[in-house]
Amino acid sequence: MDLNPQQRKAVLTTEGPVLVLAGAGSGKTRVIAHRIAHLLEHGVPARAILAVTFTNKAAREMKERVSKLAGDAAKAVTVSTFHSFGLRIVREQRGKVSVLDSGDQTGLVKRLLRDLKIDDKRFDVGRILSIISRKRCGGPPGHPDDEYELCATELLPKYELGLRALNAVDFDDLLLVPLGVFREKPDVLAHYQQRYRYLLVDEYQDTNDVQLALLELLAGMRRNLCVVGDDDQSIYAWRGAQVRHIQEFDKKFPGCVEIFLEQNYRSNGNILDAANAIIGRNPGRKPKRLWTDRGRGPNVKLVAAPDDEAEARYVADEIIRVSYEEKIPLREFAVLYRTNAQARPFEEALRLAGVRYRVVGGTSLFDRKEVRDLLAYLRAALNPRDEISLLRIVNVPARGIGDQTIARVQEQARAAKQPVWEALRTEERAAEFVELLETYGARLSQRGFSEAARDLVEQVGLFDEARRGAQSVPAQARKIEAIESLLRQLIEYEQREEQKTSDEPFAAGLPGYLARLALDSKDDDGDAGDAVTLMTLHGAKGLEWRCVFLCGLEEGLLPHSGQGFDEPGSGNVEEERRLCYVGFTRARERLVLTRAAQRIRRGKAIPRTPSRFIDDIPRQLLDVVDLAGPQPQAPKEVQQQKAKSFFANMSELLADGE
């Protein structure tokens, strides 16, 4: 076995309870796979081994690794998620049942709300389901006066009754039903204890109380339970995960063997020292310090920007510079942030710079309905023959042009062999719409198109339309902000165009902007391939990149604030510190931290305070850059990269159109 001494110990210690504290990048999946292969080599029947983790992807990867090590002998090993394992037990014990997906659950809750004479549009049903799930699985209590908490409490017994009436189970039942069976039927529990004699758990720090209770019962008197995890990466308390499960494992399973995996195979030394400094401030953690033999690497860079747009422009320009100078592909860059709401400026900056990206989780600005509606207005005004755009917005907002009218207009246009636009002129209800687009078509074709676009939004009533389509005040605010984001991007594009030099040959005016969007969309339709990743810190766990930008290190963002955030014993600050640590340890070679002195919220500049976590990092590990001061100019070759990228992409687009 090609393992370091601690990994080898974790593989060979097969009997009794074992806690493997596996730091970030320390090879925990490798240890689990080798441990299963070792058990098989020493005569343990494959069907006596159960390995559980949290995602289907992780389960597939684990199964593949075990198969490579043990071959056909591994086929009968049970490697699955907790919920897949639970479904197996549910079906073995209760026969055929329906498993409700999220859409089915939403439908059930909406029906229950209507039964109670409550307007289902008033509530975010997804949030209600989340609270119901937390209550069923013993998660932390919510605020008793919160209207969502009150609503979920009222619905909970009716929801469970509805499940029984449908002979159905939901995602939580896949854990709750097996737990109930094990507690109520000792003979059934004994059957499963006899079958699964060696238990392995990946990401143990993410277990909730129901999962721990299941494991405890299955382990029984043998206690052959090996759990692998890292209390420093426990970041899912909001969905019921309990960090104390790993911190107090020795109390739950006395006499357990603790094995620390501290050698990191991912990150450079300076990144690890900064991460160790951050996480070392957390009380109650299992003491460990990551180290590497990969060398020091460059210092962590800390960038202070005057505002969020300057922060985003810096990130886009730095990605271009580092990618060009060090020949790092775009897929090896990640922009990480605490909340999805932070993604917008980075999307805008990367698009304007011609850098391919993909948003993982959340909704891309350009995928939002209200943004696509506005883009359709702009395209239709510039080119009335663009029937896709025209038909998208002909009745948005509603102006009495229904499906029957549109069908009649299309049929008339086909019969007369004329564009739909011309046929629309003959419809009385569409006359004002046609006149509006003609007026704005002229304005949007010339200088000042960004101002014309805003006037169009106001005159058509797209802000009011966005408000009508939202179920809550926060959702309304997100829709309005999305439209405002696109309008700001048009202003910036127009300003850049006025200042462009001969080596930045971006297309002219609004048509040029829309052509760039079309080019980006064409790229997005194919293989994601070589693109920068934008995602939240929660989504980034388990992933890694050569260069990571961790953005928004400010109080209120990272650490994120909320009700009772700084209350003693809340654990919120500790979890946010763990989240920050997870972000640091995603980077292999370069880590760039950014913060803004102010952020624009609903048109107002809000001052920001630097994150308390910055003060935890030793100064000698940081290179500080203040964007408010004079900046060295990038090499001319780097400045020309945007132009080269544009020419290459445009040539490809034109070639495809031939």
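- The number of heavy atoms from other shown groups lying within 6.0 Å of CZ (Phe463) is above 12.
- Nearest approach of Leu174 to Leu87, heavy atoms of both residues: CD2-CD1, 3.8 Å.
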Under the salt bridge (charged side-chain N to carboxylate O under 4.0 Å, His left out) criterion, do Asp455 and Arg443 qualify, and how do the steps go? CA-CA 10 Å; Asp455 290 345; Arg443 287 187 61 189; 2.8 Å; yes
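- The closest donor-acceptor contact from the side chain of Asp173 to the backbone of Asp170 lies under 3.5 Å.
- Looking only at side-chain heavy atoms (C-beta outward), Leu436 and Leu456 come within less than 4.5 Å of each other.
- Using cut-offs of 30° and 60° for the angle between ring planes, the His538 and Tyr236 rings count as tilted.
- Below 30°, between 30° and 60°, or above 60°: for Phe54 and Phe82 the angle between ring planes is between 30° and 60°, a tilted geometry.
- Tyr357 and Arg351 form a side-chain donor-acceptor contact under 3.5 Å, judged by distance and modelled atom types alone.
- The two residues Arg586 and Gly542 have their closest heavy-atom pair at NH1-N, 3.2 Å.
- Between Thr81 and Ser84, the side chains place a donor N or O and an acceptor N or O closer than 3.5 Å (distance only, hydrogens not considered).
- Of the options Lys479, Gln489, Arg454, Arg344, a side chain to side chain donor-acceptor pair (under 3.5 Å) to Glu484 is made by Arg454 and by none of the others.
- Summarising the geometry of Asn208 relative to Gly240, their closest heavy-atom pair is CB-O, 3.2 Å, with the distance given to 0.1 Å.
- None of Arg368, Arg599, Arg488 except one satisfies the salt bridge (charged side-chain N to carboxylate O under 4.0 Å, His left out) rule with Glu481; the exception is Arg488.
- Shown here is Glu451, whose CD atom has no more than 12 heavy atoms of other residues, nucleotides or ligands within 6.0 Å.
- Across all their heavy atoms, Arg392 and Ala376 have their closest contact at CD-CB, 3.7 Å.
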Residues Lys541, Asp206; criterion salt bridge (charged side-chain N to carboxylate O under 4.0 Å, His left out); working and verdict: CA-CA 12 Å; Lys541 185 168 171 289; Asp206 294 338; 3.4 Å; yes
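- In this view, Pro306 and Ala310, Leu627 satisfy the side-chain contact (heavy atoms from CB on, under 4.5 Å) rule, not counting sequence neighbours.
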